[in-house]
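Worksheet: the structure to be examined is printed underneath.
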Amino acid sequence: QFNARSCKEVKDKYGQTENGLYYLTTATGVVYKTFCDMTTATGVVYKTFCDMTTAGGSWTLVASVHEDNIFGMCTVGDRWTSQQGNNANWPQGEGNRANRKTFGTVKAATDDDFKNPGYYDIEAEDMSVWHLPNNTPVNHWNLAAIMRYHTDRRFLHLYGGNLYQLFHSYPVEYNVGAHLSDNGPSIPIVYDLGDKESTKNVYGRYSGGEIEGGFISFRDINHERAATAICSGVKPKSGNVEHYCIGGCGFFPEANPLQCGDFTGFAWNGYGTHIGCSASKQTLESAVFLFYC
Ligand code: KO2
Ligand code: CA
Ligand code: CA
């Protein structure tokens, strides 16, 4: 066990280069009992997956977004949206994008939502994203991914070093602004598996006309002023973002409550049909992994 705050430290300080599970420790802080009496607080220890190979980096898995039941519509399991219904009086929903709550375990990161302390603790520069079929065991993650990409422009420097900070600057909240004009940043990506064209196939065929592949986008807003968290692999060119962006605010007005949930309106034209605005079955049944480097 190492005293490392990220997979990058596990590699740089301790020379570990194997992909796999490692214990990390959050930053130690100073606790002031009185002005003159201070002690050092120990960090929180947690276990997560390190990808030590992609693009020569060392990537820490900090979260996964998993849809347990697309028909649930903002019920139990919709931790990245709302677990308490589609409700205009609860505009941010769970708010887990910008708080310190944690949930899930690394071994179950394809079976349910996962968020560890690294999400808010690590000061990162870039992100990597893997789309992994539900219920894939850790030892198969490398081979099982259906889409993988990373950023390489150190964009997180501009947004406070992690998603916790980014989503403080760009709150995912109902009625926070208008589609397109108030959207958050879209960052160009480098594909490790897939390409711009295959990204369009991840989402509905109709949606393909509304998106541009080759980006990861944050805090995108729909026609009805509902905000989503992440559009994986794409940049929206229109306001039907509920069909290709995940995680959201606590209220989606259109067809209430059909668009509320971690995978929003991904089954708008049927479950996994891949026609109209429906994503493919493979997409619906895959978790989205978020890594920092
Ligand atoms: C549809 O379902 C429809 O849905 C649109 C929604 C989807 O986000 O906004 C519009 O309501 C549109 O008028 C139409 O009803 O089109 C792929 C379908 C998008 O047919
Ligand atoms: Ca979920
Ligand atoms: Ca719509």
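Start at 1 with the first residue, then count along the sequence. It should be emphasised that the depicted structure is a prediction, and the values quoted were computed from it without experimental measurement. Numbering of ligands and ligand atoms starts at 1, following listing order.
Of the protein's heavy atoms, none falls inside 4.0 Å of atom 12 (C) of ligand 1.
Among protein heavy atoms, atom 7 (C) of ligand 1 sits closest to His243 NE2, 3.1 Å. If you check which protein heavy atom lies closest to atom 1 (C) of ligand 1, you get Trp268 NE1, 3.7 Å. Protein heavy atom in closest approach to atom 18 (C) of ligand 1: Cys277 SG, 3.1 Å.
Here Lys237 pairs with nothing under the side-chain hydrogen bond (donor to acceptor under 3.5 Å, both in side chains) rule; sequence neighbours left out.
Between the side chain of Asn19 and the main chain of Asp51, no donor-acceptor pair closer than 3.5 Å is present.
Residue Glu254 approaches ligand 1 through these ligand atoms, each under 4.0 Å from one of its heavy atoms: 6 (C), 8 (O), 9 (O), 11 (O). In summary, the atoms of ligand 1 found under 4.0 Å from a heavy atom of Tyr206, numbered by their order in the structure, are 17 (C), 19 (C).
For residues 92-102, the set of pairs meeting the salt bridge (charged side-chain N to carboxylate O under 4.0 Å, His left out) definition, not counting sequence neighbours, is empty.
Between Cys7 and Cys293, a gap of 2.5 Å or greater is found separating the two SG atoms.
Excluding waters, the set of protein N/O/S atoms under 3.0 Å from the Ca ion (ligand 3) reads Asn240 OD1, Glu242 OE2, Glu254 OE1. Near the Ca ion (ligand 2), less than 3.0 Å away, sit the protein N, O or S atoms His66 O, Gly77 O, Asp113 OD1, Asp113 OD2, Asp262 OD2.
At least one test fails for Arg225 against the ring of Tyr174: distance under 6.0 Å to the centre or angle within 45° of the axis.
Checked by distance only, ligand 1 and Asn269 stay at 3.5 Å or farther apart across all their nitrogen or oxygen atoms.
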